[in-house]
There are 2 protein chains.
Amino acid sequence: MSSIAQRPQRADARRNREKILAAASVAFAESGLEAQVEDIARRAGVGVGTVYRHFPTKEALVEALAAEHFEDLAAIAEAALEEQGDAWEVFAGAVWRSANAAAADVAWCEIIGGHPTAVQAASRGRQRLAGAMTTLIGRAQAAGLMRADATVDDVRTIMCGFGHVAAAQRAGGALDWERYLEIALDGLRAR
Amino acid sequence: MSSIAQRPQRADARRNREKILAAASVAFAESGLEAQVEDIARRAGVGVGTVYRHFPTKEALVEALAAEHFEDLAAIAEAALEEQGDAWEVFAGAVWRSANAAAADVAWCEIIGGHPTAVQAASRGRQRLAGAMTTLIGRAQAAGLMRADATVDDVRTIMCGFGHVAAAQRAGGALDWERYLEIALDGLRAR
DNA sequence: CGTTAAGATGAGGTCCGGTTCCGCTTGGTG
DNA sequence: CACCAAGCGGAACCGGACCTCATCTTAACG
């Protein structure tokens with residue numbers, strides 16, 4: 001059973017996998033999750049067949065990138081755990097940093113906004129993110145700076161709205177995601 | 001030139017137009033704007049060709065319904081203009097009523113959320129809505145109950161987020177649009 | 001009741017985008 | 001260097017959704 005010690009992946013294959021991931025990242029950032037597989041292949045300089053050799057389905061590609069993004073968000077939140085000072089500012093800073101990271105990337109906005117495919121996957125990063133956020137929220141509440149009934153889900157909900165506002169803004173709507181966050185975070189503050 | 005006084009539209013045609021509009025309304029409410037033309041035709045009890053006779057394109061159908069929805073929202077806001085009492089409560093009440101009207105209708109959420117097609121159209125209703133909202137906001141600010149820098153665009157932004165949160169909620173996410181609105185509106189309140 | 005043009009129909013055209021598949025290429029190994 | 005399986009390419013396939021059109025139906029009017 002455990003004789004799966006096959007010959008390791010060929011070097012060019014490993015390289016192609018990376019190229020595809022990078023190309024997909026760019027394409028999705030520009031065009032959102034409806035970017036086309038053929039476009040991704042072209043950017044990566046490979047044929048569509050190669051993309052499908054590495055990722056059985058377009059959805060798998062999306063999941064891989066979504067997982068990556070959630071890991072990034074988790075890293076931001078975990079870094080905030082180390083910060084000293086006003087607990088509200090630490091929390092809000094983490095949210096702002098997350099938003100800034102995501103805002104320029106259409107697909108990232110869609111993922112945060114709750115795109116069905118992305119919601120399933122990325123459980124590991126999402127859990128790390130939720131864990132760190134819970135702590136940040138707890139501290140801000142303990143300091144009396146955040147409304148006592150706030151939960152991680154509230155933050156998730158706000159970030160869902162954020163994702164779509166940012167996406168709509170990039171699509172040309174006269175919206176402003178920074179303003180959105182300002183208001184929404186104010187709504188989480190203690191009165 | 002002005003001899004366009006053709007024979008009036010046939011009675012069955014007028015009836016069919018209404019049936020199509022009603023069917024589309026239901027289908028879109030259930031499945032969102034990606035509901036299929038064939039499904040709409042089936043619900044209306046007509047052939048697809050008939051749908052296309054009345055609406056040159058699916059987009060035209062969406063626009064017609066979007067316009068209707070914005071008129072409804074405008075009516076809600078204008079009704080609020082007549083209300084007496086706490087200016088903040090009047091404003092918030094109008095927003096809550098709008099949200100309640102839209103929340104059960106997937107397409108309505110998508111439209112409010114800033115669906116590209118819908119944004120173009122419906123200019124008349126949107127203007128009425130914006131006008132009434134501006135007055136409501138002004139009154140609440142004059143009473144010192146709303147943050148002084150709030151604008152109609154802020155409300156639009158919040159409602160964009162709302163639309164998507166509500167849509168995501170219907171799609172199964174563990175989100176809660178009522179909680180969302182509670183927080184967002186709190187963010188608009190004067191401190 | 002006959003005539004006519006508006007209206008209805010729905011099978012099929014067309015386009016689009018994900019996925020497959022088979023013949024060719026190539027890195028790795030003996 | 002010879003060999004071969006892993007890997008690659010991209011034309012073809014396929015399903016799904018919007019839309020068209022040639023043919024049939026019927027409301028309206030004299």
Side-chain angles (χ1 to χ4, degrees), chain A residues 3-24 27-28 30-66 106-107 110 115-118 120-121, chain B residues 3-24 27-28 30-66 106-107 110 115-118 120-121:
Chain A
S3 62
I4 324 175
Q6 297 133 330
R7 171 183 316 204
Q9 197 180 36
R10 251 164 64 170
D12 58 339
R14 217 172 319 121
R15 231 177 304 132
N16 274 339
R17 191 192 155 85
E18 289 314 309
K19 282 200 289 184
I20 289 165
L21 230 24
F28 284 141
E30 261 177 37
S31 322
L33 295 176
E34 80 286 6
Q36 291 159 31
V37 176
E38 198 179 320
D39 180 41
I40 292 169
R42 200 178 318 112
R43 287 177 195 252
V46 303
V48 264
T50 305
V51 173
Y52 281 97
R53 162 160 294 268
H54 290 280
F55 300 92
T57 200
K58 179 184 174 180
E59 196 167 308
L61 198 44
V62 170
E63 280 172 20
L65 286 171
V106 184
E110 291 173 0
H115 187 86
T117 300
Q120 319 287 7
Chain B
S3 61
I4 324 176
Q6 296 132 330
R7 173 185 313 207
Q9 197 179 36
R10 254 164 61 170
D12 58 339
R14 218 171 319 121
R15 231 177 306 128
N16 275 338
R17 190 193 157 84
E18 289 315 308
K19 281 199 291 185
I20 290 165
L21 231 23
F28 283 141
E30 260 177 40
S31 323
L33 294 177
E34 79 287 4
Q36 291 159 32
V37 176
E38 198 178 319
D39 180 42
I40 292 169
R42 200 179 318 112
R43 288 176 195 252
V46 303
V48 263
T50 306
V51 174
Y52 283 98
R53 161 164 295 271
H54 290 281
F55 301 92
T57 200
K58 180 184 174 180
E59 196 166 309
L61 197 45
V62 170
E63 280 172 21
L65 286 171
V106 186
E110 291 173 1
H115 188 88
T117 300
Q120 320 286 7

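Below, chains carry the letters A, B, ... as their sequence lines are ordered, and counting in each starts from 1.
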Note to self: Using whole Å, what does the distance between atom P of nucleotide C:dT19 and atom CD of A:Gln36 come to?
What the structure shows: 13 Å
Next item on the list: Tell me, yes or no, whether the heavy-atom count around B:Glu34 atom CD, taken from other residues, nucleotides or ligands under 6.0 Å, exceeds 12.
Entry: yes
Notebook entry, point to check: Atom OH of A:Tyr52 to atom P of D:dA12: distance rounded to whole Å?
Noted result: 18 Å
Next item on the list: Would you mind reading off the distance between A:Glu38 atom CD and C:dT20 atom P, rounded to a whole angstrom?
Entry: 16 Å
Checklist line | Atom pair distance, as rounded to whole Å: CZ in B:Arg17 and P in C:dA8 | finding: 12 Å
Next item on the list: Starting at atom CG of B:Asp39, determine the distance to atom C1' of D:dA17, rounded to an integer number of angstrom.
Entry: 12 Å
Margin query: Less than 4.0 angstrom from a charged side-chain N to a carboxylate O is my criterion; do A:Arg15 and A:Asp12 meet it?
Written below: no
Notebook entry, point to check: Can you tell me if the side-chain N/O atoms of A:Asn16 get under 4.0 Å from OP1 or OP2 in D:dC8?
Noted result: yes
Margin query: Using the side-chain heavy atoms of A:Val46, tell me which of these nucleotides is nearest: C:dG18, D:dC8, D:dG9.
Written below: D:dG9
Margin query: OP1 or OP2 of C:dG18 versus the side-chain N and O atoms of A:Thr57: is any pair under 4.0 Å?
Written below: no
Note to self: Closer than 4.0 angstrom, basic N to acidic O: yes or no for B:Glu38 and B:Arg43?
What the structure shows: no
Note to self: A:Leu61 vs A:Leu21, test: side chain to side chain contact (heavy atoms under 4.5 Å, CB included). Steps then yes/no.
What the structure shows: CA-CA 8 Å; A:Leu61 198 44; A:Leu21 230 24; 3.9 Å; yes
Item checked: Sugar-phosphate only, base, or nothing, as touched by B:Val37 at under 4.0 Å among non-hydrogen atoms -> sugar-phosphate
Next item on the list: Indicate whether OP1 or OP2 belonging to D:dG9 is found under 4.0 Å from a side-chain N or O atom of A:Thr50.
Entry: yes
Item checked: Integer-rounded Å distance: C:dG18 C1' and A:Phe55 CZ -> 16 Å
Next item on the list: Would you indicate what A:Gln9 reaches in the nucleic acid, counting non-hydrogen atoms under 4.0 angstrom: base, sugar-phosphate, or nothing?
Entry: sugar-phosphate
Margin query: Pick the closest DNA chain C nucleotide for A:Leu33 and for A:Gly49 by heavy atoms, then say which residue is nearer the 5' end.
Written below: A:Leu33
Margin query: If you only use heavy atoms from C-beta on, which nucleotide in D:dC19, C:dG28, C:dA8 is closest to the side chain of A:Ala11?
Written below: C:dG28
Check: Could you state the CZ-C1' distance from A:Arg42 to D:dG9, rounded to the nearest angstrom?
Finding: 14 Å
Next item on the list: For the side chain of B:Val48, starting at C-beta, report the closest nucleotide among C:dG10, D:dC8, C:dT9.
Entry: C:dG10
Next item on the list: Using the closest heavy atom to pick a nucleotide of DNA chain D for each, name whichever of A:Asp12 or B:Lys58 lands nearer the 5' end.
Entry: A:Asp12
Margin query: Walk me through whether A:Phe28 and A:Leu65 qualify under side chain to side chain contact (heavy atoms under 4.5 Å, CB included).
Written below: CA-CA 9 Å; A:Phe28 284 141; A:Leu65 286 171; 3.3 Å; yes
Next item on the list: Could you say whether B:Arg14 or B:Ala35 is positioned toward the 5' end of DNA chain D, judged by the nucleotide with the nearest heavy atom to each?
Entry: B:Ala35
Check: Is atom CD of A:Gln9 surrounded by more than 12 heavy atoms (other residues, nucleotides or ligands) closer than 6.0 Å?
Finding: yes
Checklist line | A:Arg53 CZ - C:dT25 C1' separation (whole Å) | finding: 13 Å
Check: What's the closest nucleotide to the A:His54 side chain, out of C:dA8, D:dC8, C:dG17?
Finding: D:dC8
Note to self: Once hydrogens and angles are ignored, does a donor-acceptor distance under 3.5 Å link the base of C:dA6 to the side chain of B:Arg10?
What the structure shows: yes
